[in-house]
Trainee: 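I have a structure here, written as structure tokens, and I will follow up with some questions on it.
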Amino acid sequence: MEQKLVIYNTLTRKKEIFEPLNAPHVGMYVCGPTVYGDAHLGHARPAITFDLLFRYFKHLNYKVRYVRNITDVGHLENDADEGEDKIGKKARIEQLEPMEVVQFYLNRYHQAMDALNVLAPSIEPHASGHIIEQIETIKEIIKNGYAYESNGSVYFDVEKYNTDYNYGILSHRNIEEMLSTTRELDGQHEKRSKVDFALWKKASPEHIMRWTSPWSQGFPGWHIECSTMSMKYLGNKFDIHGGGLDLMFPHHECEIAQNTATEKHQVVKYWMHNNMITIGGQKMGKSLGNFIMLNEFFDGSHKLLAQAYSPMTIRFFILMAHYRSTVDFSNEALQASEKGLNRLLDAYSRIEKISVSEQSTTDIKSIRQKCYDALNDDLNSAIVMAHLFDAASMINSAIGGSVHLTKVDITELKAIFDTFLFDILGIRNDQNKNGNGKEAFGKAIDLLLQIRAEAKSNKDWATSDKIRDELTKIGFEIKDGKEGAEWKLK
RNA sequence: GGUUCCUUGGCCGAGUGGCUAGGCACCGGUCUGCAAAACCGUCUACGGCGGUUCGAAUCCGCCAGGAACCUCCA
């Protein structure tokens with residue numbers, strides 16, 4: 001079963017066969033959160049998209065090092081390298097140590113990621129823990145002639161760089177265009193050109209987070225952390241750099257410029273970008289204030305939400321669309337995801353109930369390859385889901401008796417769910433979680449259903465309905481089948 | 001204004017030249033003491049106008065509408 005994974009490379013705007021630089025090793029770097037607030041639905045998209053890729057690489061037996069950074073410094077509040085550090089601002093408002101703010105939101109971020117069943121990356125470096133390395137990178141860029149100091153700050157010389165390389169290679173912009181369309185901003189007198197960006201900023205007196213450097217007491221620019229940390233942990237040539245589409249410019253463009261200015265060659269082989277989550281057709285984001293926090297989904301507390309949605313519903317919802325499509329939030333779409341996910345999990349939990357036949361009357365064997373084909377085609381999780389729904393349909397039909405399956409095919413159906421739905425798509429099976437050490441609890445429900453069955457055989461509908469209705473009221477779902485009643489906690 | 005992209009059935013959402021994606025909802029049926037679940041069936045769409053082609057949702061052009069980036073943003 002030859003696997004040829006194809007991924008879309010933003011750099012070339014084409015689907016390319018994925019060939020690791022150093023098989024069986026794969027290095028991937030993804031831009032993580034700036035920890036000055038809780039994660040919203042938009043943050044779940046790259047986390048889940050690249051978690052899928054991480055899981056799939058591991059499934060394909062690659063040795064993956066997945067680096068996802070924590071931005072805890074250097075991310076400016078306003079435009080063009082002026083303004084205030086986001087972490088520092090939040091810290092002053094809340095009268096906290098900056099690192100206290102970082103730790104608080106980082107813990108909450110991790111909780112949300114755990115809930116979404118997003119695996120922890122191999123390394124989660126903090127920008128603030130790599131100030132020395134960032135200073136070294138900046139020195140190297142200055143040495144190579146692509147940056148200059150100005151009044152204690154250091155700026156990247158974009159126009160100089162562009163004469164030797166190509167600034168705009170990723171975002172397909174050109175400098176002339178940018179010079180004519182970029183706004184003139186206050187406080188840009190330090191820069192030689194308005195397209196230059198900061199590598200190091202001298203701290204203003206009220207700025208809390210500051211480090212000593214050859215140029216000033218200050219702090220690093222936003223872009224330099226990713227260049228520095230990605231190369232530190234993955235080398236000066238590595239496979240994949242991912243992030244949200246909105247980071248393509250300027251962040252990733254600047255990273256490429258910094259990388260190339262340091263190493264004199266392209267560092268990243270494949271650039272991958274997930275698309276945005278929209279709400280009412282518009283990007284869910286901080287500036288529009290139209291975001292819904294993940295925790296608000298989990299408990300249903302946001303006013304736009306008709307109900308609470310479980311973390312797995314959110315994950316399923318995101319995976320139902322291809323990662324390069326925008327996906328529009330709505331209660332209807334989320335409810336459809338919730339029901340669809342339950343349909344798959346219900347089918348999975350009923351596999352044991354299929355009675356074994358000598359011959360299969362339907363084709364199970366091709367499903368696995370179809371799922372691989374879908375994943376190999378630029379991680380098309382939506383198609384994988386469609387095949388899983390087909391598999392669910394076969395399970396249900398087999399239980400209903402309209403199709404027959406051999407022991408081997410039944411085992412394969414279960415394996416397909418285990419491999420694709422749980423291991424690779426990362427859906428956690430939260431159903432019937434009443435198992436752990438609560439066998440007695442389950443047996444008690446079984447006993448109630450047994451009494452109900454006896455009542456039914458005596459045509460004592462009052463008793464049988466009472467048991468069913470009361471259990472339903474408590475929160476159980478009772479299904480009557482040919483082989484007796486089943487139950488689960490809703 | 002510049003760059004890039006999108007427009008699929010009631011809703012969501014795959015699909016890059018021919019072969020019913022899938023999910024949710026609705027409706028009809030089977031099953032059931034009733035219900036739920038399950039199963040079967042119905043609904044078969046591709047913004048508009050032209051063009052290329054034996055054949056286009058899929059390629060090209062124009063028009064309309066929408067979005068992202070161009071300032072922090074996943």
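Throughout, protein chains are lettered first and strands after them, A, B, ... in sequence-line order, and every chain is numbered starting at 1. Please read all numbers here as calculations on a predicted model, not as lab measurements. No hydrogens, no waters, no symmetry mates; every other heavy atom, side chains included, goes into these values.
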Trainee: Determine the interatomic distance between C1' on B:A37 and the same-named atom on B:G18; round to the nearest Å.
Mentor: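 These two C1' atoms come out 40 Å apart once rounded.
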Trainee: If you measure from the C1' atom in B:U58 to the same atom in B:C72, how many Å do you get, rounded?
Mentor: 38 Å
Trainee: Report the nucleotide, chosen from B:C12, B:A74, B:G13, that has the shortest atom-to-atom distance to any side-chain atom of A:Ala333.
Mentor: B:C12
Trainee: Taking the minimum atom-to-atom distance to the side chain of A:Gln282, which one of B:A68, B:C39, B:C70 wins?
Mentor: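 Between B:A68, B:C39, B:C70, the one nearest the side chain of A:Gln282 would be B:A68.
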Trainee: Taking the side chain of A:Arg468 as its heavy atoms from C-beta onward, which of B:C34, B:C69, B:G22 lies nearest to it?
Mentor: B:C34
Trainee: If you compare every side-chain N and O of A:Arg343 against the phosphate oxygens of B:G23 (OP1, OP2), does one of them come in below 4.0 Å?
Mentor: yes
Trainee: What's the closest nucleotide to the side chain of A:Asn274 if the choices are B:A74, B:G23, B:A37?
Mentor: B:A74
Trainee: On RNA chain B, does the nearest nucleotide to A:Ala321 precede the nearest nucleotide to A:Met284 from the 5' side, or the other way round? Give the residue.
Mentor: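 It is A:Ala321 whose nearest nucleotide is closer to the 5' end.
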Trainee: With respect to the side chain of A:Val327, which nucleotide from B:C24, B:G23, B:G13 is positioned closest?
Mentor: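 Looking only at heavy atoms from C-beta outward on A:Val327, the closest nucleotide is B:G13.
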Trainee: Assign the ring pair A:His252 / A:Trp271 to parallel, tilted or perpendicular, where the plane angle (0 to 90°) is split at 30° and 60°.
Mentor: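 Taking A:Trp271 first and then A:His252, their aromatic rings sit tilted (interplane angle of 30° to 60°).
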Trainee: Between A:Trp487 and A:Phe476, how do the two ring planes meet: parallel, tilted or perpendicular, split at 30° and 60°?
Mentor: perpendicular
Trainee: Please measure how far the C1' atom in B:G13 lies from the corresponding atom in B:U8, and state the result in whole Å.
Mentor: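 That atom pair is separated by 9 Å.
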Trainee: Taking CD1 from A:Ile383 and P from B:G23, how many angstroms apart are they, rounded to a whole number?
Mentor: 12 Å
Trainee: With a 6.0 Å cut-off on the ring centroids, do A:Tyr270 and A:His241 count as close?
Mentor: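 Not close enough - the centres of the two rings lie 6.0 Å or further apart.
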Trainee: Taking only the side-chain heavy atoms of A:Phe249 (C-beta and beyond), determine which of B:G23, B:C69, B:A74 contains the nearest atom.
Mentor: B:C69
Trainee: Among the nucleotides B:C39, B:C72, B:G23, which one has an atom lying closest to any side-chain atom of A:Trp222?
Mentor: B:C72
Trainee: I want to check something: taking the side chain as every heavy atom from C-beta on, are A:Glu225 and A:His126 in contact at a cut-off of under 4.5 Å?
Mentor: no
Trainee: Side chain of A:Asp328, base of B:G66: donor and acceptor closer than 3.5 Å?
Mentor: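 Under the 3.5 Å cut-off, the side chain and the base do not form any donor-acceptor pair.
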Trainee: Need the pair for B:G17. Rule: Watson-Crick or G-U wobble, both distances under 3.5 Å, any strand; none if unpaired.
Mentor: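 Partner of B:G17: none.
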Trainee: Pick base, sugar-phosphate or nothing for A:Asn380, based on heavy-atom distances below 4.0 Å to the nucleic acid.
Mentor: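 Counting heavy atoms under 4.0 Å across all strands, the contact made by A:Asn380 is with sugar-phosphate only.
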Trainee: Tell me whether the side-chain N/O atoms of A:Thr49 come closer than 4.0 Å to OP1 or OP2 in B:A74.
Mentor: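 Looking at the OP1 and OP2 atoms of B:A74, neither is under 4.0 Å from any side-chain N or O of A:Thr49.
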Trainee: Under 4.0 Å between any heavy atoms, over every strand shown, what does A:Val30 touch: base, sugar-phosphate, or nothing? Just pick one.
Mentor: nothing
Trainee: Looking at every strand, decide which applies to A:Gly285 at a 4.0 Å heavy-atom threshold: base, sugar-phosphate, or nothing.
Mentor: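 No contact at all - A:Gly285 keeps every heavy atom at 4.0 Å or more from the nucleic acid.
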Trainee: For A:Gly27, is there any backbone N or O sitting under 3.5 Å from a side-chain donor or acceptor partner on A:Asp239?
Mentor: yes
Trainee: B:G65 pairs with which nucleotide, Watson-Crick or G-U wobble, both distances below 3.5 Å?
Mentor: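 Paired with B:G65, as far as the under-3.5 Å criterion goes, is B:C6.
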Trainee: Between the base of B:A35 and the side chain of A:Asp480, is there a donor and acceptor pair under 3.5 angstrom?
Mentor: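 For A:Asp480, whose side chain was compared with the base of B:A35, there is a donor-acceptor pair (under 3.5 Å).
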Trainee: For B:C62 and B:C26, measure between their C1' atoms and round to the nearest Å.
Mentor: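 The answer is 39 Å between these two C1' atoms.
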Trainee: Looking at the side chain of A:Arg350, which of B:A38, B:A35, B:C11 is the nearest nucleotide?
Mentor: B:A38
Trainee: Mind checking the C1' distance from B:G9 to B:G15? Whole angstroms is fine.
Mentor: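 To the nearest whole Å, 15 Å.
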Trainee: Given atom NE2 of A:His172 and atom P of B:C70, what is their separation to the nearest angstrom?
Mentor: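 Rounded to whole Å, this separation is 17 Å.
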Trainee: Which is true for A:Ser464 with a 4.0 Å heavy-atom rule: it touches a base, it touches only sugar-phosphate, or it touches nothing?
Mentor: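 Counting heavy atoms under 4.0 Å across all strands, the contact made by A:Ser464 includes a base.
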Trainee: Suppose you measure atom C1' in B:C59 against the same atom in B:A68; what distance do you get, rounded to whole Å?
Mentor: 25 Å
Trainee: How is A:Gly400 classified with respect to the nucleic acid when contacts are heavy atoms under 4.0 Å: base, sugar-phosphate, or nothing?
Mentor: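 Nothing, no heavy atom under 4.0 Å.
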Trainee: Tell me what A:Ile277 touches on the nucleic acid: a base, only sugar-phosphate, or nothing, going by heavy atoms under 4.0 Å.
Mentor: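 Result for A:Ile277 = base.
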Trainee: Against the six-membered ring of A:Tyr8, is A:Arg324 placed for a cation-pi contact (under 6.0 Å from the centre, within 45° of the normal)?
Mentor: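 Ring-cation test returns yes.
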Trainee: How is A:Met385 classified with respect to the nucleic acid when contacts are heavy atoms under 4.0 Å: base, sugar-phosphate, or nothing?
Mentor: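 No contact at all - A:Met385 keeps every heavy atom at 4.0 Å or more from the nucleic acid.
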Trainee: With nearest nucleotide decided by heavy atoms, which residue, A:Leu247 or A:Lys456, maps closer to the 5′ end of RNA chain B?
Mentor: A:Lys456
Trainee: When you look at A:Asp51 and A:Arg55, which way does the salt bridge (Lys or Arg N to Asp or Glu O under 4.0 Å) test go after all the steps?
Mentor: CA-CA 6 Å; A:Asp51 186 55; A:Arg55 286 167 178 271; 2.8 Å; yes
Trainee: Should the side chain of A:Arg324 and the base of B:C6 be counted as holding a donor-acceptor pair, with the cut-off at 3.5 Å?
Mentor: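 No.
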Trainee: Mind checking A:Lys283 for me? I need base, sugar-phosphate or nothing, with any heavy atom below 4.0 Å counting as a touch.
Mentor: base
Trainee: Have a look at A:His273 and say if it touches a base, only the backbone sugar-phosphate, or nothing, with a 4.0 Å heavy-atom cut-off.
Mentor: nothing
